[in-house]
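Before any comments, here is the structure.
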Amino acid sequence: MTFEEYAEQRLDEAVVNVSKTFDLSAKLKQNNINLDNIFEDGAKIIGYITHINAADGNAAQAARTLNVSKWTFHSKDKQNALNDYNIPEKFWTYK
Amino acid sequence: MNIKEWVDNEINEMARRSDIVNFDAIEKTMKQMKSAGIDLTKYTLDEIKLAFFLAIDDTTKGEQHQKNVMLRWKPSASSEPDANYRAYRKKIETLLDLDAAEVRKAGNEKLTFLGLYNMTKDSQEYKKDVKKELIVPVK
């Protein structure tokens, strides 16, 4: 499988709710949320932290609600997004 | 490359880019969102990324708008379809078009990125624009 094929497959699974997306963007602007020094990686990390906390450390549940691969939070050999971004433990309840 | 290998590559890319991650800024933003009652648990990662990008794009001013937006976004090098301003804008414009024309008509607000991606990929004009205006200021 080439990267492009994988990307297409992955993107096909990525369902975006248009209204929700624009609504969130509007809320960020209306509340003057400071997005300086966040970048794309920061946006992803905020998503990871929010969902793993909401799932109380349940990797499968967080991956499902965030709509990401199950390996994103996979605990085996600690090769997962939380560890590889070096996210400090104070931000997450991942077990 | 199987999916697991691709995910491993993606994770390695995260590690490579971890030096641009600012946890103080992340904590500050999360506190602000909590105070404002913004709950991200209702959104998927793609929705969060697009919404953040849109907010940055809408609030960034200046003559070199695209360059300024990309400096505040720094897209992941591994995310090829997302790796430049034009690609993001095209996705959003497509979302807007479909939202107005077809999605509402169909009574369904859910779209797949594959559909969006294919639409942009198939457009010769878009390919030309991307080549001309490619902006990938990653490091």
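So that the names make sense, note that chain A is the first sequence line, chain B the second, and so on, each numbered from 1. Every heavy atom of this structure was used, including side-chain atoms; hydrogens, water molecules and symmetry mates were not.
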query: At what distance, to the nearest 0.5 angstrom, does CG of A/N58 lie from NE2 of A/H51?
result: 13.5 Å

- line: Distance col, row A/E40:CD vs B/R72:CZ, nearest 0.5 angstrom, shows 15.0 Å

Could you check which of [options] has the highest count of heavy-atom pairs closer than 4.5 Å to chain B?
options             : result
A/I49, A/L35, A/T65 : A/L35
A/T50, A/I45, A/L24 : A/L24
A/N32, A/I87, A/D23 : A/I87

Proximity breakdown for [X] and chain B, heavy-atom pairs closer than 4.5 Å:
X     : value
A/I33 : both
A/N31 : side chain
A/D36 : both

- prompt: What residue in B/D24, B/I26, B/N22 has the most heavy-atom pairs under 4.5 Å with chain A?
  reply: B/I26

query: Hey, are A/K29 and B/D58 close enough for a salt bridge, meaning a charged N less than 4.0 Å from a carboxylate O?
result: yes

message: Parallel, tilted or perpendicular: which one describes the rings of A/F73 and A/Y48, with boundaries at 30° and 60°?
response: perpendicular

task: Mind jotting down which residue pairs meet the side chain to side chain donor-acceptor pair (under 3.5 Å) criterion with at least one end in residues 25-37 of chain B? Sequence neighbours excluded, please.
output: A/K90-B/E27

statement: If one checks every heavy atom of B/M30 against chain A at 4.5 Å, the contacting part turns out to be side chain

field: Contact origin within B/I38 toward chain A - heavy atom pairs under 4.5 Å
entry: side chain

- request: Could you check B/W73 against A/F39 for ring-ring contact (aromatic ring centres under 6.0 Å, His included), going step by step and ending with a plain yes or no?
  value: CA-CA 4 Å; B/W73 186 241; A/F39 312 127; 8.8 Å; no

query: Between B/D46 and B/T44, does any side-chain donor sit less than 3.5 Å from a side-chain acceptor?
result: no

